[in-house]
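Residue numbers count from 1 along this sequence.
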Amino acid sequence: MTKNILVVEDELSIATLLKYNLEQAGYNVDIAHDGQTGLDMALSLKPDLLLLDVMLPKLDGMDVCKEIRMHKMNTPIIMLTARDDEFDKVLGLELGADDYMTKPFSPREVIARVKAVLRRFSPQVVAAQQESAEKIFEFNGLRVYPDRFEVLLNDESLEFTPKEFELLVYLIENKNRVLTRDQLLSAVWNYDFAGDTRIVDVHISHLRDKIEENSRKPIFIKTIRGLGYKFEEPKAI
């Protein structure tokens with residue numbers, strides 16, 4: 001089935017270039033040139049993926065991302081920014097974006113990023129999950145259901161973005177094993193992220209805020225200094 005992508009970009013030349021290259025790669029593409037229109041189209045069309053510029057008229061990309069997540073939409077979001085500013089990147093991730101790209105970028109890079117994100121939500125992957133026996137991970141009141149995209153902490157449901165959830169499951173599946181940031185980038189983001197491991201740190205921070213009683217003294221996700229991260233099953237008291 002052909003995937004539908006919504007591009008929200010106010011620069012006509014960039015929007016046109018993205019539309020052309022994405023359509024050449026076999027995707028259906030809709031375009032919005034301001035944030036409010038983009039938000040309205042995202043909520044009504046429910047695209048398979050959103051390419052969202054940060055600097056937009058009427059409603060900026062950060063607010064669009066925030067509103068989409070507030071509506072409980074798990075649509076993957078790749079944010080586009082002309083500024084090589086880590087604050088923008090981190091804030092976008094905190095608001096629920098799954099990825100970001102800094103302009104200028106090549107059409108080839110865009111297609112690679114889009115394919116990598118959509119691969120995670122392909123019908124084949126979903127079907128394989130449904131056919132397999134349901135997995136449940138449970139540790140000290142934390143229950144994770146990989147096939148349901150569901151996490152409970154002391155029976156309270158928690159909200160996760162797709163990438164946060166995928167990272168959590170990967171950490172759990174490799175519990176008690178030290179994983180470097182580069183390993184996590186390769187496994188969860190599934191492509192070369194140009195060595196920018198900050199995206200891993202941001203997502204780890206989000207996970208700790210959600211599943212740890214005290215994010216500064218985590219019992220689940222431990223930092224292994226100079227190496228990376230490790231998910232530990234807390235010892236019974």
Practice task
Carefully, step by step, assess R69 and D98 under the rule salt bridge (charged side-chain N to carboxylate O under 4.0 Å, His left out).
Solution key: CA-CA 11 Å; R69 295 305 184 221; D98 299 283; 3.0 Å; yes

Handout entry: Test item: N154 side-chain N/O and E156 main-chain N/O as donor-acceptor pair under 3.5 Å
Key = no

Exercise for the section: Return yes if a side-chain donor-acceptor contact under 3.5 Å exists between H203 and E164, otherwise no. Expected result: no

Practice task
Establish, yes or no, whether the cationic atom of K210 lies under 6.0 Å from the six-membered ring centre of F160 and within 45° of the ring axis.
Solution key: yes

Practice task
Could you grab the distance from atom CZ of F231 to atom CG of L167, nearest 0.5 Å is fine?
Solution key: 11.0 Å

Practice task
Give the intermediate values and the outcome of side-chain contact (heavy atoms from CB on, under 4.5 Å) for residues T180 and Y229.
Solution key: CA-CA 6 Å; T180 68; Y229 298 102; over 6 Å; no

Handout entry: Test side-chain contact (heavy atoms from CB on, under 4.5 Å) applied to I219 and E213, step by step
Key = CA-CA 8 Å; I219 62 171; E213 183 176 345; over 6 Å; no

Residues 50-61 side chain polar contacts: donor-acceptor under 3.5 Å, at least two apart:
unit_1, atom_1, unit_2, atom_2, d
D53, OD1, K103, NZ, 3.2
D60, OD1, M62, N, 3.0
D60, OD1, D63, N, 2.9

Handout entry: Residues in side chain to side chain donor-acceptor pair (under 3.5 Å) contact with Q36, at least two apart in sequence or another chain
Key = D40

Pairs of donor and acceptor atoms involving the side chains of residues 19-26, under 3.5 Å and at least two apart or interchain, shall be tabulated with distances.
unit_1, atom_1, unit_2, atom_2, d
K19, NZ, E23, OE2, 2.8
K19, NZ, V29, O, 3.1
N21, ND2, L17, O, 2.8

Practice task
Assess whether side-chain contact (heavy atoms from CB on, under 4.5 Å) is satisfied between V8 and D34, documenting all intermediate values.
Solution key: CA-CA 7 Å; V8 187; D34 66 75; over 6 Å; no

Exercise for the section: Please list, chain by chain and in numerical order, all residues satisfying side chain to side chain donor-acceptor pair (under 3.5 Å) with E109, sequence neighbours excluded. Expected result: R113

Practice task
Begin with the C-alpha distance, continue with both residues' side-chain angles, and end with the deciding distance and a verdict on side-chain contact (heavy atoms from CB on, under 4.5 Å) for K72 and E159.
Solution key: CA-CA 9 Å; K72 308 300 184 184; E159 295 292 333; 3.7 Å; yes

Exercise for the section: Output yes when a side-chain donor or acceptor of E212 lies under 3.5 Å from a complementary backbone atom of I221, and no otherwise. Expected result: yes

Exercise for the section: Using side-chain contact (heavy atoms from CB on, under 4.5 Å) as the criterion, list what pairs up with E173, not counting sequence neighbours. Expected result: K135, F137, V169

Exercise for the section: Give the other cluster members for I224, using side-chain heavy-atom distances under 4.5 Å between Ile, Leu, Val, Met, Phe, Trp and Tyr residues; answer none if it is isolated. Expected result: V178, L227

